[in-house]
Amino acid sequence: MFDERPATDAPDESGLPEARQEALLDAYSRAVAGVADSVGPAVVRVQSGPPGRRGGLGSGVVIANDGLVLTNSHVVAGARRVRVGSTEAGDREAEVIGDDPATDLALLRVELPRGAATARLGDSKMLKRGHLVVGIGNPLGFESTITAGIVSALGRSLRSQSGHLIDDVIQTDVALNPGNSGGALVAASGQVVGINTAMIAGAQGLAFAVSSNTAGFVIGEFIAHGRVRRAHLGIAAQTVPLPRRVALAIHSGANAVRIGEVQPGSAAEQAGLRVGDVLVALDDRVVAGADDLLRLLSADRIGRSVEVSVLRDGRLITRSVTAQERQAPR
């Protein structure tokens, strides 16, 4: 007896009917194209230094209709004024109103035409490994370039070009090249969930972005104070999941912060914290990730003793740590 089913219903080597595969591919294409159309116009070119001279060249994201542009600190390269270019607005001079090498973020203000496209920061805590993300930027000077990939890992720590350890970094396999720095990492929802900050030369599929939650905190500090003052324990923080039974037993969140490095001479070392300790609370406030720790270590905790609760060898212990002010590298 002959099989009279349409050829499009026949499964191939993947086990999925051809029609189903086409539908999935079409959904993927629609998601990426939708992000490109909605967020792409809000991504601009950023050039530090006079035109024609060597300087930082990268990307930025317009995040407010009054001309606020978020980019990387290493793109700004210490300049107080930079050039911002887009198809909508042409080339314009922008003022650097905040620069934080510790998170590799900088905030610019530029005059934009009425109705210029803007992007919206999303909640990076909603990301999970495997989520689709789209990178938009100007790699090697090729403007408005779109690349797509997945979230490979969350809560990484990455050493920035300034020498600081940046916490709560998103790892992706989105293709990045010089010039992508400062561009948008966008979820399928169309919200910006990260600012692309680095790729590793010679590596395949290793790219990193500063999370949007970290960016939101830094933007607030820039607008309120013109700079970011923060307390610092002297650790490299990595967001890790907690086993459900452990989280229930200690009344913690689903995630916590693993200490990946203790800097010599730091407050953490003096308090006896160790690599491998899992930090679950600070002053009885649940720490459910590296972005929580960054937010809790605000300027009002500089010089103060804070109570840090950590899991070590299956036991919950508490240490008193005198938080220090995080200093810029010399």
Side-chain angles (χ1 to χ4, degrees), residues 103 122-133 149-159 165-174 185 187-189 191 193-194 205-217 230-263 266-298 301 305-321 323:
T103 53
D123 183 359
S124 52
K125 262 193 175 174
M126 301 301 291
L127 285 176
K128 293 183 179 180
R129 288 179 298 173
H131 275 186
L132 169 68
V133 282
I150 62 166
V151 174
S152 306
L154 296 163
R156 296 293 199 204
S157 290
L158 177 72
R159 196 168 294 281
L165 279 170
I166 310 173
D167 296 324
D168 197 29
V169 171
I170 302 164
Q171 180 184 330
T172 75
D173 67 352
V174 173
L185 184 72
S189 63
Q191 295 181 332
V193 291
L206 284 175
F208 302 91
V210 181
S211 74
S212 57
N213 286 10
T214 295
F217 166 78
R230 62 170 66 82
H232 183 51
L233 302 181
I235 63 172
Q238 179 180 356
T239 302
V240 294
L242 283 179
R244 188 170 183 272
R245 59 179 179 80
V246 174
L248 290 173
I250 64 176
H251 307 290
S252 183
N255 296 313
V257 167
R258 181 184 181 276
I259 297 177
E261 178 183 335
V262 177
Q263 295 173 359
S266 66
E269 184 184 60
Q270 294 167 21
L273 295 182
R274 304 175 187 170
V275 172
D277 286 347
V278 177
L279 196 158
V280 296
L282 189 147
D283 283 343
D284 294 324
R285 301 280 298 277
V286 169
V287 175
D291 60 334
D292 278 357
L293 185 61
L294 178 71
R295 177 176 49 81
L296 290 170
L297 288 173
S298 52
R301 282 190 164 89
S305 178
V306 297
E307 297 296 312
V308 174
S309 299
V310 299
L311 287 170
R312 178 187 295 171
D313 299 327
R315 296 185 299 115
L316 185 65
I317 63 174
T318 301
R319 292 286 185 268
S320 294
V321 186

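Distance alone, capped at 3.5 Å, is enough to place a donor-acceptor pair between the Ser157 side chain and the Ala237 backbone.
Here the closest heavy-atom approach between residue Ser320 and residue Ala271 is recorded as O-CB, 3.4 Å. Taking both residues in full, the closest heavy atoms of Ala247 and Gly253 are given as CB-O, 3.4 Å, listed atom of the first, atom of the second, then distance. Among all heavy-atom pairs drawn from Ala256 and Val278, the shortest one is CB-CG1, 3.6 Å. The two residues Ser309 and Leu316 have their closest heavy-atom pair at CB-CD1, 4.2 Å. For Ala323 against Ala231, the heavy-atom pair with the smallest separation is CB-CB, 3.7 Å. Between Arg129 and Leu154, the shortest heavy-atom distance links the atoms N-CD1, 4.2 Å.
In this structure, the separation between OG on Ser212 and CG on Leu127 is 7.0 Å, given to the nearest 0.5 Å. Taken from CG in Leu158 to CG in Asp168, the straight-line distance is 12.0 Å, to the nearest 0.5 Å. Rounded to the nearest 0.5 angstrom, Asp284 CG and His251 NE2 are separated by 12.0 Å. Distance check: Ser152 OG to Gln171 CD gives 5.0 Å after rounding to the nearest 0.5 Å. Here Glu269 contributes atom CD and Leu233 contributes atom CG; the two are 13.0 Å apart, rounded to the nearest 0.5 Å. Rounding to the nearest 0.5 Å gives a distance of 5.5 Å between CZ of Arg319 and CZ of Arg312.
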| task | Show your reasoning for whether side chain to side chain contact (heavy atoms under 4.5 Å, CB included) applies to Ile170 and Val133. | result | CA-CA 11 Å; Ile170 302 164; Val133 282; over 6 Å; no

| task | In sequence, state the C-alpha distance, the side-chain angles, and the governing distance for Asn213 and Leu294, and then conclude on side chain to side chain contact (heavy atoms under 4.5 Å, CB included). | result | CA-CA 10 Å; Asn213 286 10; Leu294 178 71; over 6 Å; no

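Salt bridge present: Asp283 and Arg301 bring a charged side-chain N and a carboxylate O closer than 4.0 Å.
Residues Arg230 and Thr103 are in side-chain contact: their nearest non-hydrogen atoms beyond the backbone lie under 4.5 Å apart. Two residues are said to be in side-chain contact when any heavy atoms from C-beta on lie closer than 4.5 Å; Asp277 and Val262 fail this criterion.
Annotation: salt bridge (charged side-chain N to carboxylate O under 4.0 Å, His left out) contacts of Asp292 (sequence neighbours excluded): Lys125, Arg295.
The side chain to side chain contact (heavy atoms under 4.5 Å, CB included) test with Val280 singles out one residue from Val246, Leu242, Val287, and that residue is Leu242. Remark: of the listed residues Ile150, Val151, Leu185, Leu185 is the sole one forming a side chain to side chain contact (heavy atoms under 4.5 Å, CB included) with Val174. For the side chain to side chain contact (heavy atoms under 4.5 Å, CB included) with Ile235, the lone residue among Asp167, Val308, Leu293 that qualifies is Leu293.
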